[in-house]
J.: 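Sending over a structure as structure tokens; questions will come in a sec.
Source: prediction; values computed, not measured. We count residues from 1, following the sequence as given.
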Amino acid sequence: MEEALRRELGTSVLRATGHLGGGCISQGQSYETDGGRVYVKSNSKPEARRMFEGEMASLEAILKTGTIKVPKPIKVIDLPGVTTLFVMEHLEMRGLNRHSSKLGTQLADLHLHNQQLGEKLKKEESTVNDWQADWVTFFARQRIQPQMDMIEKNSGDREARELWARLQLKIPSLFCDVEIVPALLHGDLWGGNVAEDDSGPIIFDPASFYGHSEYELAIAGMFGGFSSSFYSAYHSKIPKAPGFEKRLKLYQLFHYMNHWNHFGSGYRGSSLNIMRNLVK
């Protein structure tokens with residue numbers, strides 16, 4: 001692996017630093033190279049290249065906004081066999097602590113960036129394409145429904161199916177009088193994907209897409225890791241709209257169902273409780 005990596009990066013120096021990382025999906029290792037330190041993620045699953053290309057595009061999109069620090073992506077590499085590597089800038093990171101408020105501000109700036117770009121283009125009298133996609137329909141059909149389909153396939157859970165049938169009819173009412181401007185989202189902003197260095201907060205391991213900014217806060221509130229100063233700073237720039245709390249539960253439903261499908265029925269109760277409360 002290291003010989004192929006040296007060749008692909010065009011470096012004469014490739015020395016492991018001992019900084020290891022990884023999670024339930026990929027493994028990681030830092031290396032010294034001619035051009036500085038890099039962090040290399042590896043994965044041997046068949047869909048690894050597609051996954052890493054998506055992560056690289058996500059990092060590039062966030063990086064272009066100039067709002068919040070992320071590792072600079074470098075290259076996706078296929079090794080002989082089935083292993084795929086994703087090379088990015090190595091950042092010295094520690095747990096988020098004193099920069100929580102700054103993270104809230106910068107995350108709001110990220111979410112507002114697309115709206116501000118559109119306003120700037122309008123002022124310059126350029127043509128701005130209308131966003132024709134319906135977020136409410138997209139979320140129901142492309143986020144919740146696939147999770148429900150997997151639950152149906154794996155367990156045939158009758159109560160989940162019946163609750164989802166009722167909830168689908170109620171979802172549009174949760175978005176009355178809410179203007180949704182597509183925002184660039186990190187997409188998986190839980191406490192394990194945020195950190196800081198001396199310059200400020202860092203976010204990483206994104207699964208970015210354009211959607212409702214409130215969606216971002218759903219998983220952030222599920223597993224902790226975000227202080228009150230983070231939320232205060234964020235909402236000072238993007239205030240809570242009417243009905244925020246119910247929509248947050250709807251967005252958390254996706255994550256609980258996703259965890260149910262990936263990690264087992266321990267997440268069934270939380271999924272069903274949210275649906276029961278939302279259909280009342």
Side-chain angles (χ1 to χ4, degrees), residues 19-28 30 37-41 43 51-76 86-117 181-238 248 251-252 254-255 258-259:
H19 287 78
L20 299 173
C24 59
I25 298 176
S26 301
Q27 297 302 309
S30 288
R37 189 174 290 186
V38 298
Y39 184 71
V40 181
K41 295 175 74 170
N43 192 292
M51 178 181 69
F52 282 153
E53 286 178 342
E55 183 177 349
M56 184 166 182
S58 298
L59 289 171
E60 288 172 340
I62 296 171
L63 196 62
K64 285 177 183 176
T65 69
T67 56
I68 190 166
K69 189 171 185 177
V70 295
K72 292 178 180 138
I74 297 172
K75 196 172 188 180
V76 176
F86 177 27
V87 186
M88 68 189 81
E89 172 190 25
H90 172 94
L91 295 176
E92 290 289 344
M93 299 186 292
R94 57 179 181 265
L96 184 67
N97 184 13
R98 64 190 182 95
H99 291 301
S100 288
S101 177
K102 191 174 182 181
L103 174 62
T105 299
Q106 292 183 348
L107 184 68
D109 289 338
L110 172 66
H111 292 169
L112 292 169
H113 183 266
N114 198 50
Q115 177 181 338
Q116 292 166 347
L117 188 63
V181 178
L184 177 60
L185 307 178
H186 174 281
D188 190 23
L189 198 76
W190 69 289
N193 288 344
V194 299
E196 68 181 32
D197 61 13
D198 291 338
S199 68
I202 303 166
I203 59 175
F204 52 96
D205 285 355
S208 293
F209 65 99
Y210 286 90
H212 190 193
S213 58
E214 292 178 357
Y215 173 92
E216 193 89 282
L217 300 181
I219 197 168
M222 287 168 58
F223 303 116
F226 297 86
S227 69
S228 59
S229 63
F230 161 80
Y231 290 105
S232 296
Y234 181 88
H235 289 302
S236 70
K237 303 201 83 169
I238 304 180
L248 194 68
Y251 293 147
Q252 288 181 340
F254 163 76
H255 294 292
N258 187 36
H259 278 66

J.: Where do I202 and P71 come nearest, in terms of heavy atoms and distance?
T.: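 Heavy-atom minimum between the residues: CG2-CD, 4.4 Å.
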J.: Could you grab the distance from atom CG of L103 to atom CZ of F230, nearest 0.5 Å is fine?
T.: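 Answer rounded to 0.5 Å: 5.0 Å.
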J.: Using a strict threshold of under 4.0 Å (side-chain N to carboxylate O), is an ion pair present between K102 and E196?
T.: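 Answer for the salt bridge query: no.
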J.: Which atom names give the shortest non-hydrogen contact between F209 and G187, and what distance separates them?
T.: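 Between these two residues, the closest heavy atoms are CE2-CA, 4.3 Å.
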J.: Go through D109 and I68 one step at a time and tell me if the side-chain contact (heavy atoms from CB on, under 4.5 Å) criterion holds.
T.: CA-CA 8 Å; D109 289 338; I68 190 166; over 6 Å; no
J.: Less than 4.5 Å apart, any side-chain heavy atom of E92 and any of D197?
T.: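 Counting from C-beta outward, E92 and D197 never come under 4.5 Å.
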J.: Say you draw a straight line from CE of M51 to CG of N43; how long is it, rounded to the nearest 0.5 Å?
T.: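 Those atoms lie 4.0 Å apart.
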J.: Would you check, one step at a time, whether the test ring-ring contact (aromatic ring centres under 6.0 Å, His included) holds for F223 with H255?
T.: CA-CA 11 Å; F223 303 116; H255 294 292; 8.4 Å; no
J.: What class does the angle between the rings of H90 and Y39 fall in, given that below 30° is parallel, 30 to 60° is tilted and above 60° is perpendicular?
T.: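 H90 vs Y39 ring planes: tilted.
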J.: Measure the CG-OG distance between L107 and S213 for me, rounded to the nearest 0.5 Å.
T.: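 Reported to 0.5 Å precision, the distance equals 9.0 Å.
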J.: Of the non-hydrogen atoms in P201 and L96, which two are nearest, and what is the gap between them?
T.: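 Closest heavy-atom pair between P201 and L96: CB-CD1, 4.4 Å.
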J.: Over all heavy atoms of both residues, which pair between A218 and Y251 is shortest? Give the atoms and the distance, please.
T.: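 Smallest interatomic distance, heavy atoms only, reads CB-CB, 3.5 Å.
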J.: Would K237 and T105 satisfy side-chain contact (heavy atoms from CB on, under 4.5 Å), going step by step from the backbone distance to the final call?
T.: CA-CA 7 Å; K237 303 201 83 169; T105 299; 3.9 Å; yes
J.: Taking the side chain from S208 and the backbone from L185, do they hold a donor-acceptor pair closer than 3.5 Å?
T.: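 Confirmed, S208 side chain pairs with L185 backbone.
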J.: Do V70 and S58 come within less than 4.5 Å of each other through their side chains, counting heavy atoms only?
T.: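 Side-chain contact under 4.5 Å: no.
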J.: Please work out which of the three classes, parallel, tilted or perpendicular, describes the rings of H235 and Y231, given edges at 30° and 60°.
T.: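 It falls in the parallel class, under 30°.
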J.: Among side-chain atoms of H113 and T67, is any donor-acceptor pair under 3.5 angstrom?
T.: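 Checked: H113/T67 side chains show no N/O donor-acceptor pair below 3.5 Å.
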J.: Hey, are the side chains of D188 and I219 touching, using non-hydrogen atoms and a 4.5 Å cut-off?
T.: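 Yes, at least one pair of side-chain atoms sits under 4.5 Å.
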J.: What pairs of residues pass the ring-ring contact (aromatic ring centres under 6.0 Å, His included) test when at least one of them lies in residues 184-204, not counting sequence neighbours?
T.: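 Checked against ring-ring contact (aromatic ring centres under 6.0 Å, His included) - neighbours excluded - no pair reaches residues 184-204.
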J.: For a 4.5 angstrom cut-off between non-hydrogen side-chain atoms, does D198 reach H99?
T.: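 Of all side-chain heavy-atom pairs linking H99 with D198, none is under 4.5 Å.
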J.: Heavy atoms, side chains only, cut-off 4.5 Å: are I203 and Q106 in contact?
T.: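 No, too far: nothing below the 4.5 Å cut-off.
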J.: Taking the side chain as every heavy atom from C-beta outward, state whether D205 and K41 have any pair of such atoms under 4.5 Å apart.
T.: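 A side-chain contact under 4.5 Å exists here.
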J.: Look up atom CD in Q252 and atom CG in L217, then write down how far apart they are to the nearest 0.5 Å.
T.: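 So the gap between those two atoms works out to 9.5 Å.
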J.: Between F226 and L189, what is the shortest heavy-atom contact and its length?
T.: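 Scanning both residues, the minimum pair turns out to be CZ-O, 3.6 Å.
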J.: Report yes if the side chains of F52 and P73 come closer than 4.5 Å at any heavy-atom pair, otherwise no.
T.: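 Contact flag for F52/P73 side chains = no.
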J.: Among E55, M56, K72, which residue meets the side chain to side chain contact (heavy atoms under 4.5 Å, CB included) test with M88?
T.: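 Of the listed residues E55, M56, K72, the side chain to side chain contact (heavy atoms under 4.5 Å, CB included) partner of M88 is E55.
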J.: Taking N114 for its side chain and P182 for its backbone only, find out whether a donor-acceptor pair lies under 3.5 Å.
T.: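 Looks like yes, one N/O pair under 3.5 Å.
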J.: Can you name the closest pair of heavy atoms from F86 and V76 and give their distance?
T.: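 F86 and V76 have their closest heavy atoms at CD1-CG2, 3.9 Å.
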